[in-house]
2 protein chains.
Amino acid sequence: MRTPQADVATPPADPEGPTEHHPAPGGNSARSRSQHQRRKRIVQAAAALASRGGVEAMQMRTVAERAGVALGTLYRYFPSKMDLVVAVVGEEIDLLESSIQRRPPSSPTPSGRAVDVLMRATRGLMREPELADALIRSLILAEVETPFGDRMTGLLLRVSAGGLDPARASEEQLALAGSLSSIWVQELLEMLRGRRTYDQIQRRIEIASDRLLSDL
Amino acid sequence: MRTPQADVATPPADPEGPTEHHPAPGGNSARSRSQHQRRKRIVQAAAALASRGGVEAMQMRTVAERAGVALGTLYRYFPSKMDLVVAVVGEEIDLLESSIQRRPPSSPTPSGRAVDVLMRATRGLMREPELADALIRSLILAEVETPFGDRMTGLLLRVSAGGLDPARASEEQLALAGSLSSIWVQELLEMLRGRRTYDQIQRRIEIASDRLLSDL
DNA sequence: ACAGATATTAGAATCTGTTCTAGTTTGCCA
DNA sequence: TGGCAAACTAGAACAGATTCTAATATCTGT
């Protein structure tokens, strides 16, 4: 069985680094431009379907149809459904990051700023519960690394420790921010299962953040 | 599509509470006894298959065959593959709990005892990596509540806060033990992805446990 | 021991992710 | 411009989970 790889959504012969999520967005040849368009249409179609009926509604045949490509082409861009899901999530995280940039968390404490970020992300996901459900679950399931956890951990480090570059953080700092991110993901899952309200999540995240990040 | 429900593995007309995992193990009628046997055989067959090739190898047809029941019967006992996985996990947690009872963690600090428990569980899971992978992922994926998180949280509370009954714990205590459990699950996932060694997990769990449980 | 209810069975059928095939189109370039 | 390589397409084929069916087998109560 095919499992998600680092070459996600990288059409063959695309000279792209492993940390780049989109296939050469600033590509210059006609081919790479049209490829980028096609990829975008696919992801949009997938997101639109998922935001309705969740992963179930996001069927590969349907996505291909909506995006106006053949099934085989869809599979060329995204070797598995999971790869497609990962791409959709990537877009969501982009949104969160730019939102943070536009309006940085204002709390005076590190742990408060982390809570700000996580609850803002929570609200964002709550707006599209079906999508959120599909995405969170799929990501956790993913066989291999997804940029997800690390990106969130980095975001938390930056907002809570005064712009600290994750690459420069101590092992302990990474562990603490990563832990908070883990807790948030699990709380989100509980919410999707109907076992947490927004307020409960906030309370629990605050409790954990206080202990984990207060002296970051 | 059928999703896991509270009636998991409860053959019709079985007067069983929602917190009970096995169908009336001490049942008295010939029927409930034979049902129990059948269920047991199914779970054993499933576990055996999963401990080899993971979820992939645990195909419903194969499980049915090994357990000597028809596919339809398997589906009567476990309405979905996930339900079957949940049952297998239940057995694993039983093992952990009895192991804790036999040899309680001896560390002098609450956080140390919690680490003991989690690392013991980690070692147990590492012995059957394929099985562990299947189980952890599937549990996280489960649509609805599984006893998993709560059982682990309860276990942590009991060992770290001097036998504290989870039903009597404060909201904060529950949040803290639950958070540690969440972190552990995510670390386990990272290990399954090959991104953590046992030692790294131990270190990170210690760091988190210190902050979260030191004054439980 | 009989009747109705429930459980079981073998196997076909359905659904969706994934792979494969054969033929067509497109971009590049000598 | 001719032609190769890569991308694309329609659609068939395959795999494994889940559902459905019709026929039996097993219980249970009386």
In terms of side-chain heavy atoms of A/Arg38, which of D/dC8, D/dA17, C/dT18 is nearest? D/dC8
Separation of B/Arg41 atom CZ from C/dA7 atom C1', in whole Å? 14 Å
Sole residue of B/Glu187, B/Gln186, B/Glu190 in side-chain hydrogen bond (donor to acceptor under 3.5 Å, both in side chains) with B/Arg204: B/Glu187
B/Tyr75 side-chain N/O to C/dT8 phosphate OP1/OP2 under 4.0 Å: no
Closest to side chain of A/Ala70, choosing from D/dT18, C/dT19, D/dT9: D/dT9
Of the nucleotides D/dT9, D/dG16, C/dG17, which has the atom closest to the B/Gln59 side chain? D/dG16
Can you tell me which nucleotide in D/dC8, C/dT8, C/dT18 comes closest to the side chain of A/Met60? C/dT18
Separation of atom CG in B/Leu49 from atom P in D/dG16, rounded to whole Å: 13 Å
The side chain of A/Arg61 is closest to which nucleotide in this list: C/dG17, D/dG16, C/dT8? C/dG17
We want to know whether A/Thr122 and A/Trp184 form a side-chain donor-acceptor pair, criterion being a heavy-atom distance below 3.5 angstrom. yes
Listed nucleotide nearest any side-chain atom of B/Leu71, set D/dT18, C/dT9, D/dA12: D/dT18
Could you state the atom-to-atom distance from CD of B/Glu65 to P of C/dG11 in whole Å? 12 Å
Of the listed D/dT19, D/dA17, D/dC8, the closest approach to the B/Lys81 side chain comes from D/dA17
Output the rounded distance in Å from CG (A/Asp83) to P (C/dG17). 14 Å
Let me know the distance between CZ of B/Arg76 and C1' of C/dA5, rounded to the nearest Å. 12 Å
With a cut-off of less than 4.0 Å, is there a side-chain N or O of A/Thr73 near OP1 or OP2 of D/dT9? yes
Calculate the interatomic distance between B/Arg39 atom CZ and C/dA7 atom C1'; express it in whole Å. 17 Å
Say whether B/Thr153 and B/Asp150, considering side chains only, have a donor N or O and an acceptor N or O under 3.5 Å apart. no
For atom CG of B/Leu74 and atom P of C/dT8, their distance in whole Å: 11 Å
Look at B/Arg203 together with A/Glu171 and state whether they make a salt bridge at an N to O cut-off of under 4.0 Å. yes
Evaluate the side chain to side chain contact (heavy atoms under 4.5 Å, CB included) criterion for residues B/Glu65 and B/Gln59: first the C-alpha distance (whole Å), next the side-chain angles of each, then the deciding distance (0.1 Å), finally the verdict. CA-CA 10 Å; B/Glu65 196 179 312; B/Gln59 297 182 6; over 6 Å; no
Take the protein atom CG of B/Leu84 and the nucleotide atom C1' of D/dT18, then report the distance between them rounded to whole Å. 14 Å
